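Structure first, then comments.
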There are 2 protein chains.
Amino acid sequence: MNKIKLNAAHDHDACIRSALTRAESLCQKRGVRLTRLRKKILELIWQSHSPLGAYDLMDLLQASSDRERVAPPTVYRSLDFLLENDLIHKVHSLNAFVGCNNPLHKHSDALFICSNCGFTDEVHSATIQQAINLSASQNRFSVKSQVLEVLGLCENCR
Amino acid sequence: MNKIKLNAAHDHDACIRSALTRAESLCQKRGVRLTRLRKKILELIWQSHSPLGAYDLMDLLQASSDRERVAPPTVYRSLDFLLENDLIHKVHSLNAFVGCNNPLHKHSDALFICSNCGFTDEVHSATIQQAINLSASQNRFSVKSQVLEVLGLCENCR
DNA sequence: AAAGATATGTTATCATATAACAAAATTACC
DNA sequence: GGTAATTTTGTTATATGATAACATATCTTT
């Protein structure tokens, strides 16, 4: 995917800052620790604003700090922490991770991922959820979790 | 996941047979070749009726035939063929593959996957699709493809 | 039967993710 | 403040999933 083309409506710096601020307060509220490493990784994910693989993150960490290259377990542990605390999502179809917009909601949102620029939008739609729940109940299926990843072109790239 | 508990409504042998028959005629119609290997792999996938990983398939192939263990590229090439011809789906959240029910439709269906027995049901819901399309258009996003995987408990396991 | 095309075999390697244990940092408690 | 307990990070090795590149075999057409 190419570098993201920021659109006018999207102040990316503000977006990153607010995501980090929300993460801080959420972790404080939950009594968990957003350590320097975890925060750095979350920041890198938001800076990209497009799905990043764990090994991409390892490269970025090495580049952004003057530190040694961290090993896979280090980055995966931070990713696990961020996942558990709803601060990021895993994009299964890409083996990659993106920032989560609304970590406060127990959400099962749709991810709209631009295959050109990588811009990823997390959308909560009650309509989609109702449709899935209806289909589940018609098939006598009880839903525990779900993955909805939509690939296509964002407003700027289409 | 455990062995699948077949329910009364599901005649598994007939299910496999009909899937293979449909695959045969579809390939004939399309002028592509359902070779012995590809057919065997498709059969193994349907026998399981639950998502199988590529390496699981390698094991099963070895066990079911008296042949040597096939190497990864061999099985992945067959899987690619089956994917291209809409005979199977990839379950991204499990890195696994399941048989496709309706290979004739250009479909983007929901997969309901039982996390207990692995039974996987492919459901086409116009309601879900409409909801996704609506949400996409509201976000000025043009959809190319989508992945909807619902994990939970099937009728028998809940 | 030969040539061309398609499919499969083989070896090596890349990409993604985790197990197991050691060291360091943080927190809790006295 | 100092020590124990807990949590986090570092390190090494390895598991798991997937593909590249090239060789051999099989099928198709003539």
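What you are looking at is a predicted structure, and each value in this text was computed from that prediction instead of being measured. Order of the sequence lines fixes the chain letters, A, B, ..., with proteins taken first and strands second; residue numbering starts at 1 for each chain.
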Practice item. Whole angstrom is fine here: how far is it from CZ in Arg69(A) over to C1' in dT12(D)? Key: 15 Å
Check your understanding: Are the aromatic rings of His89(A) and Phe97(A) close, with centres under 6.0 Å apart?
Key -> no
For the side chain of [X] and the backbone of [Y], is there at least one donor-acceptor N/O pair under 3.5 Å apart?
X	Y	answer
Asp80(B)	Arg77(B)	no
Asp56(B)	Gly53(B)	yes
Arg38(A)	Arg33(A)	yes
Glu149(B)	Ser93(B)	yes
Arg22(A)	Asn101(A)	yes
Ser135(B)	Ala131(B)	no

Distances under 3.5 Å only, N/O to N/O: pair up the protein atoms with those of nucleotides 17-20 of chain D.
residue	atom	partner	partner atom	Å
dG17(D)	N7	Tyr55(B)	OH	3.4
dA18(D)	OP1	Lys90(B)	NZ	2.4
dA18(D)	OP2	Tyr76(B)	OH	2.7
dA18(D)	O5'	Tyr76(B)	OH	3.1
dA18(D)	N7	Tyr55(B)	OH	2.8
dA18(D)	N6	Tyr55(B)	OH	3.4

Study note, to complete from the structure: Nt span of DNA chain C in reach of chain B heavy atoms at under 4.0 Å, 5' end first, is dT6(C) to dT11(C)
Report, one pair per line, the protein and nucleotides 6-9 of chain D atoms (nitrogen or oxygen only) whose separation is under 3.5 Å.
residue	atom	partner	partner atom	Å
dT8(D)	OP1	Arg38(A)	NH1	3.2
dT8(D)	O5'	Arg38(A)	NH2	3.4
dT9(D)	OP1	Thr35(A)	OG1	2.5

Check your understanding: Is it true that atom CD of Gln28(B) has more than 12 heavy atoms of other residues, nucleotides or ligands lying nearer than 6.0 Å?
Key -> no
Revision key, fill the gap. Between Phe141(A) and Ile113(B) the two heavy atoms that sit nearest each other are CZ-O, 3.3 Å
Check your understanding: Is any side-chain N of the basic residue among Asp121(A) and Arg140(B) closer than 4.0 Å to the acidic one's carboxylate O?
Key -> no
